[in-house]
Amino acid sequence: MAKKLVARKEVPVELTWNLEDLYPSEEAMLAALEKAMLAAKRIEETYRGKLNTAETIAQCITDLQKAHEIIVLVQNYAELAQSVDYQDQHLQELAGTVGLKVAQYGACLSFIDIEIGQCENDVLEAAAKLEPRNAGYLKDILLDKPHQLSPETEKTLASLLQTIDAPYEIYNVAKLGDMTFPDFQVGEKTYPLGYSLFEDDYEYEENTEVRRAAFAAFSQKLTDYVNTTATAYNAHLQTEKTLSVLRNYPDVYSYLLHGQKVSRELYDRQIDVIMKELAPHMRRYAELIGRVHHLDKVTYADLKLPLDPHFSPEVTLEDAKDYVLKGLSVMGEEYGNMLKEALDNRWVDFAQNLGKSTGGFCASPYGSHSYILLNWNGRMSDVFTLAHELGHAGHFKLCNEAQSLLDTEVSTYFVEAPSTMNEILMSKYLLKTSEDKRFRRWVLANMIGNTYYHNFVTHLLEAAYQREAYKIVDQGGSLQADVLSGIMKGVLESFWGDTVELTKGAELTWMRQPHYYMGLYSYTYSAGLTIATLVADRVENEGQVAVEDWKKVLTAGATLEPVEFACQAGVDITTDAALKKTIQIIGSMIDELWTLSEELGEI
């Protein structure tokens, strides 16, 4: 039975991350914040109205980077502290204070890009030659030039950053601060319920009655917040639409894809091809779940059910560390040392507690090590999540060491490639450790049920839903809860067909993910995994040469655009061939799962 969540203060310290690696105390962080604010003021006083020569521009960018290096650490400290305890009012106030100061900081420095953008191209080229590490930053300014507003407007927008981001904060506070779940009952037993307990525990529960009852109870609580969540989301999308108009983009999609340096063709292709060509394979996988578990029908509440929950024993943290170190050893000694440091020196917050963000993420502040948030449940899926987030950590360790801060904002189109690559490497390692058919099925089921399901199904369906929501806003419409639920239900019906029964509550899936507040991010999970799948094949077939190519690409940061990134890793994404090959690989794994289940006498 799932355990009841405890308050943050009751969590053993060894299960938490160590923010003292950023600053020894909150007071030290606030002192650094003031230092950054003073630096921004000096930059404004020194350079405003004077950015018209190559020398001045080069020096200004150097000073800007030094100030940014401070503000990045400060912002991460406040946001990371808040993310593990949204019920702590002091941490909410601290994050709010820092957020307001960061907005003021940005407003103070908003003149830089505008003034540089007004210079002739030969001046910018000369500035780039004076300091080559600034070349990427200057190139981006030129790309943004047609969409810049007046200096006064840019400063105003920068000042309003915290207000512009308010919908996301409202969503998180409602979800993690206000939303409390009552216990639910099955027979004579009472079960505790919480956001992370549901998503990390009950969705995988073998007992069908308990699993479906948990889904019903969870969905019922979501309905209490459906209008609040819809209002916050609509405000976010309307803001993005307004900004796209102000900045003279033809539509909101162009505005959001501009920063990713991705064409609309690549974006639409990723969604359309998967919705059409992956759906039949995943329906077969859903049918297999129903057959193996002798379900009366396959409902939306059953889709996370492992094929063989009894085969995988509970995984301890020590087991997980061992799996990760061995599974990712192909990446080399230096990469392995990073993994050991992360696992031994509290880079990871494993704890489950009230008010903590759900799921997992990795923050990689420039000038420090990465911080990884998990909600550890002791399942093999958690090991894959850990490997995934360590993939982000390894990527940004290489990137941050090789590039200036201003060249570390990689396109979200490929930001998930290094993380999903690690999941595949883990799976390939496990497949080589045994020839037992049941073990092989367990590993393949983990790949389909975790790695590919999470990235090619969960997040891709989010993306398909998101595209339709943006379409309404782009055409001048507004989004209410019933509209959003209708869109989500339509997407789920289109993908799962008659194979899966969409029980009441499935249509509320749009309420559960923070990705909707991060622009067009959801589709990039499958884009990154497409690249990762084919690079992992290269590693398997070509060995160390492919590994070194991959690590070299990871150092590139923002200096490579997505198509170039994939190309240097040995993958062509200019056509749908790579995506279709990945879907073929997924289909072949599902076919093998059926064959193995038949050979094991389970269907």
Side-chain angles (χ1 to χ4, degrees), residues 1-33 73-99 168-184 190-202 218 221 225 314-318 320-321 342-363 365 368-379 382 385-386 389 514:
M1 186 176 77
K3 61 182 184 295
K4 202 170 185 70
L5 293 179
V6 300
R8 179 68 178 181
K9 63 184 178 182
E10 299 176 58
V11 172
V13 68
E14 63 270 17
L15 296 180
T16 66
W17 53 30
N18 184 14
L19 293 185
E20 290 183 6
D21 289 349
L22 287 174
Y23 293 103
S25 66
E26 187 178 303
E27 290 72 23
M29 181 275 292
L30 291 172
L33 175 58
L73 296 178
V74 167
Q75 194 170 14
N76 272 271
Y77 183 98
E79 291 177 354
L80 291 169
Q82 179 189 41
S83 70
V84 293
D85 195 354
Y86 272 88
Q87 296 191 347
D88 187 316
Q89 290 302 307
H90 172 70
L91 295 178
Q92 299 300 311
E93 293 170 7
L94 180 67
T97 298
V98 171
Y168 182 41
E169 278 306 300
I170 293 169
Y171 167 78
N172 275 324
V173 171
K175 173 181 174 180
L176 304 169
D178 291 343
M179 200 179 295
T180 56
F181 293 81
D183 296 342
F184 68 96
T190 300
Y191 297 83
L193 185 61
Y195 227 110
S196 63
L197 284 180
F198 174 74
E199 293 192 337
D200 299 328
D201 200 304
Y202 290 119
F218 179 78
K221 174 53 65 174
Y225 290 82
E314 184 171 335
V315 181
T316 67
L317 279 177
E318 291 307 312
K321 292 175 182 179
L343 296 170
D344 293 342
N345 294 337
R346 292 177 57 202
W347 292 17
V348 187
D349 199 281
F350 291 100
Q352 279 191 328
N353 60 262
L354 290 166
K356 183 177 177 180
S357 293
T358 57
F361 67 73
C362 176
S368 183
H369 61 71
S370 293
Y371 284 87
I372 293 170
L373 180 141
L374 299 176
N375 284 273
W376 180 258
N377 264 284
R379 290 192 174 89
D382 296 333
T385 302
L386 178 59
E389 301 303 343

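Small disclaimer: the values here were computed from a predicted structure and weren't measured.
The shortest distance between side-chain heavy atoms of Leu373 and Lys356 falls below 4.5 Å. At a threshold of 4.5 Å between non-hydrogen side-chain atoms, the residues Met29 and Val98 count as touching. With contacts defined as side-chain heavy-atom distances shorter than 4.5 Å, the pair Asn375/Leu197 does not qualify. You'll find the side chain of Gln352 stays beyond 4.5 Å of the side chain of Trp376, heavy atoms only.
Of all the heavy atoms in Leu73 and Ser368, the pair that sits closest is CD2-CB, 3.9 Å.
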Applying salt bridge (charged side-chain N to carboxylate O under 4.0 Å, His left out), run through Arg8 and Asp349 and close with a yes or a no. CA-CA 11 Å; Arg8 179 68 178 181; Asp349 199 281; 2.6 Å; yes
Take His369 and Tyr371 through the test side chain to side chain contact (heavy atoms under 4.5 Å, CB included) and record every step on the way to the result. CA-CA 7 Å; His369 61 71; Tyr371 284 87; 3.3 Å; yes
Leu94 and Asp88: CA distance, side-chain angles, deciding distance, side chain to side chain contact (heavy atoms under 4.5 Å, CB included) verdict: CA-CA 10 Å; Leu94 180 67; Asp88 187 316; over 6 Å; no
Go through it in stages, so that I can follow the logic: the residues are Leu193 and Phe198, the test is side chain to side chain contact (heavy atoms under 4.5 Å, CB included), and I'd like the CA-CA distance, side-chain angles, deciding distance and then a yes or no. CA-CA 7 Å; Leu193 185 61; Phe198 174 74; 4.0 Å; yes
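Less than 6.0 angstrom separates the ring centroid of Phe184 from the ring centroid of Tyr202.
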Counting only pairs under 3.5 Å, give me each side-chain donor-acceptor contact of residues 10-18, with atom names and distances, residues two or more places apart or in other chains.
{"residue": "Thr16", "atom": "OG1", "partner": "Val13", "partner atom": "O", "Å": "2.6"}
{"residue": "Thr16", "atom": "OG1", "partner": "Arg346", "partner atom": "NH2", "Å": "3.1"}
{"residue": "Asn18", "atom": "OD1", "partner": "Glu20", "partner atom": "N", "Å": "3.1"}
{"residue": "Asn18", "atom": "ND2", "partner": "Asp21", "partner atom": "OD1", "Å": "3.3"}

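Gln87 is linked by a side chain to side chain donor-acceptor pair (under 3.5 Å) to nothing, counting only residues two or more places apart in sequence or in another chain. Residues that satisfy the ring-ring contact (aromatic ring centres under 6.0 Å, His included) test with Tyr168, not counting sequence neighbours, are Tyr517.
The cationic group of Lys175 lies under 6.0 Å from the six-membered ring centre of Tyr195 and within 45° of the ring axis, placing it in a cation-pi geometry.
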